[in-house]
Amino acid sequence: MLQKYIIITVNVILFCFQVAPVQATDNDFNQAYVKGISEAYGFILGQEYSLDRIVRKFPDLASSAKVAKAKFNASFPGIKTKIKDQLIKTLGKQIYEKIDLGLKRKMKENLGGEVLTKEIAYNFIQEVGERAEGRIDSPIIEYILSVKYHQNPASELIDGYEQRFSSEGHAKSEGVKLKLRLPKSWKAKEGERPHIVQKWVSKNGTGTEMILLDIRDNEGYTPTGSEIKSFVNSGEVKGVIPNGGKHIDSGVFSLEMQEGYWVEISFVQERAGIAVYQRYIMHQLFFRGKAIGLMCSASTTTDEKAKADEAFKRIKPLCQQVLNSLVLLQAY
């Protein structure tokens, strides 16, 4: 049942894109992300349309349908309005209205003509209740979560929407066995560079915020806690900053009975003729002669530095949560 409604919704979305192609006007949200949240928007509209149809056709199921709708809205408060606001912000009101009108017209044609028995209606109501618990197919759930937690990414983990990562057996793990918890809406991708074990990108892989796990051989050397403190307090820590980077702050931390340091940096890098501004924090932990790095970053073009700084402030608490979730299996 769920798959059927998703397929119909996605087909409607694709039709609307043919009528009004996506041309994102806000650099916070690129074309892939706009398409993703548009599909999520259509999914929610389809759900509302189907519940309203059930209420009209089967009055004895009206109470159950309204309860299911209320549960969904309680789990994802104001989600339709939030997605609508992002679409208007990125596409402009005129294009949004074309998409919205096309969605509703095609939805009525497709869903309105579907056979609806009492059994189908009852099962769909139960399904909406399950959706309220987060049981929604990918990638719809990831985009819904991206919108819900846009302003407060750390709450996604707190609310239990998570994915788990284990480095055990990974070719780049240097033999280090660790586990991490990360938000469900951040898409896991393989790291292109030799030491990047895994990376996670916001907004289901379409965003400009990133979390990186880096593990490398530290030539068998594990610095002591006092050496790490001296490294930070003496200012030597600034030596890890790339040329042209700016030291913002740094300090020491303890995790899993190990000592480490952290450094917050802003940096401008040119790639393929494009200057990119990046704001990031790196936590560096040492264990059995290996260096374990967890980096969280936000980036944008150099003429929009304020947007990257704002995004970084949003994800910084999330980065701390991910770091605190790190478990070194060999430390016990």
Side-chain angles (χ1 to χ4, degrees), residues 5-53 69 72-73 75-114 131 136-153 185 187 201-209 274 276-277 298-311 314:
Y5 277 84
I6 288 177
I7 289 171
I8 290 174
T9 302
V10 170
N11 286 338
V12 171
I13 287 288
L14 293 176
F15 168 82
C16 290
F17 283 149
Q18 291 170 1
V19 174
V22 175
Q23 294 179 344
T25 60
D26 192 302
N27 289 334
D28 286 346
F29 311 124
N30 60 29
Q31 182 166 327
Y33 178 67
V34 173
K35 183 177 179 181
I37 63 171
S38 296
E39 291 179 3
Y41 183 65
F43 175 84
I44 292 167
L45 287 181
Q47 177 174 284
E48 289 186 350
Y49 179 90
S50 298
L51 287 174
D52 290 344
R53 187 181 173 206
K69 183 177 181 179
F72 184 88
N73 290 339
S75 296
F76 306 102
I79 191 65
K80 184 173 77 170
T81 300
K82 290 176 182 177
I83 295 177
K84 173 185 174 180
D85 290 345
Q86 287 194 5
L87 288 173
I88 291 174
K89 182 180 179 182
T90 55
L91 301 176
K93 191 172 182 180
Q94 186 175 7
I95 293 179
Y96 160 75
E97 287 177 348
K98 284 185 179 180
I99 289 179
D100 187 56
L101 182 64
L103 270 173
K104 290 174 179 175
R105 184 176 67 249
K106 295 300 291 184
M107 200 165 291
K108 187 174 181 179
E109 293 174 4
N110 285 277
L111 298 181
E114 290 291 315
R131 293 177 181 181
I136 301 172
D137 281 1
S138 181
I140 301 296
I141 182 61
E142 285 82 3
Y143 286 112
I144 287 177
L145 294 175
S146 293
V147 175
K148 177 179 179 179
Y149 296 105
H150 175 66
Q151 292 298 333
N152 188 9
S185 68
K187 188 169 186 176
V201 183
S202 65
K203 299 181 178 68
N204 196 39
T206 68
T208 57
E209 300 85 35
I274 300 174
V276 177
Y277 171 77
S299 59
T300 187
T301 55
T302 52
D303 57 345
E304 294 187 316
K305 291 181 181 180
K307 286 188 176 181
D309 289 338
E310 182 183 341
R314 289 198 303 267

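Residues: numbered from 1 along the sequence shown. These figures come from a predicted structure and were not determined experimentally.
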Quiz item: Under the side chain to side chain contact (heavy atoms under 4.5 Å, CB included) criterion, do Glu97 and Leu101 qualify, and how do the steps go?
Solution: CA-CA 6 Å; Glu97 287 177 348; Leu101 182 64; over 6 Å; no

Quiz item: How about Lys148 and Pro77: do any of their side-chain heavy atoms sit closer than 4.5 Å?
Solution: yes

Quiz item: Do you know which two heavy atoms are closest between Ser202 and Thr208, and how far apart they sit?
Solution: OG-N, 3.7 Å

Quiz item: What closest approach, in Å, do Ile83 and Ile37 show between heavy atoms, and which atom pair accounts for it?
Solution: CG2-O, 3.5 Å

Exercise. Report the residues that fulfil side chain to side chain donor-acceptor pair (under 3.5 Å) with Asp309, sequence neighbours left out, ordered by chain and then residue number.
Key: Tyr277, Arg279

Self-check item: Under the side chain to side chain donor-acceptor pair (under 3.5 Å) test, residues paired with Glu142 that sit two or more places apart
Solution: Ser138

Quiz item: Side chains of Asn204 and Thr206: do they bring a donor and an acceptor to under 3.5 Å?
Solution: no

Among residues at least two apart in sequence or on other chains, which ones pass side chain to side chain contact (heavy atoms under 4.5 Å, CB included) with [X]?
X      : answer
Gln151 : Arg314
Asn152 : Ala154, Ser155
Lys84  : Tyr41, Ile88, Tyr96

Quiz item: Listed by chain and number, what are the ring-ring contact (aromatic ring centres under 6.0 Å, His included) partners of Tyr149, not counting sequence neighbours?
Solution: none

How many angstroms lie between [atom1] in [X] and [atom2] in [Y], if you round to the nearest 0.5 Å?
X      : Y     : atom1 : atom2 : value
Tyr143 : Lys35 : OH    : NZ    : 9.5 Å
Ser146 : Gln86 : OG    : CD    : 8.5 Å
Lys82  : Leu87 : NZ    : CG    : 14.5 Å

Quiz item: Among Ile136, Asp137, Ile141, which residue meets the side chain to side chain contact (heavy atoms under 4.5 Å, CB included) test with Phe43?
Solution: Ile136

Quiz item: Salt-bridged, Glu304 to Lys307, with N to O below 4.0 Å?
Solution: yes

Practice problem: Please test Leu91 against Ile99 for side chain to side chain contact (heavy atoms under 4.5 Å, CB included), starting from the C-alpha separation and ending with a verdict. | Solution: CA-CA 10 Å; Leu91 301 176; Ile99 289 179; 3.7 Å; yes

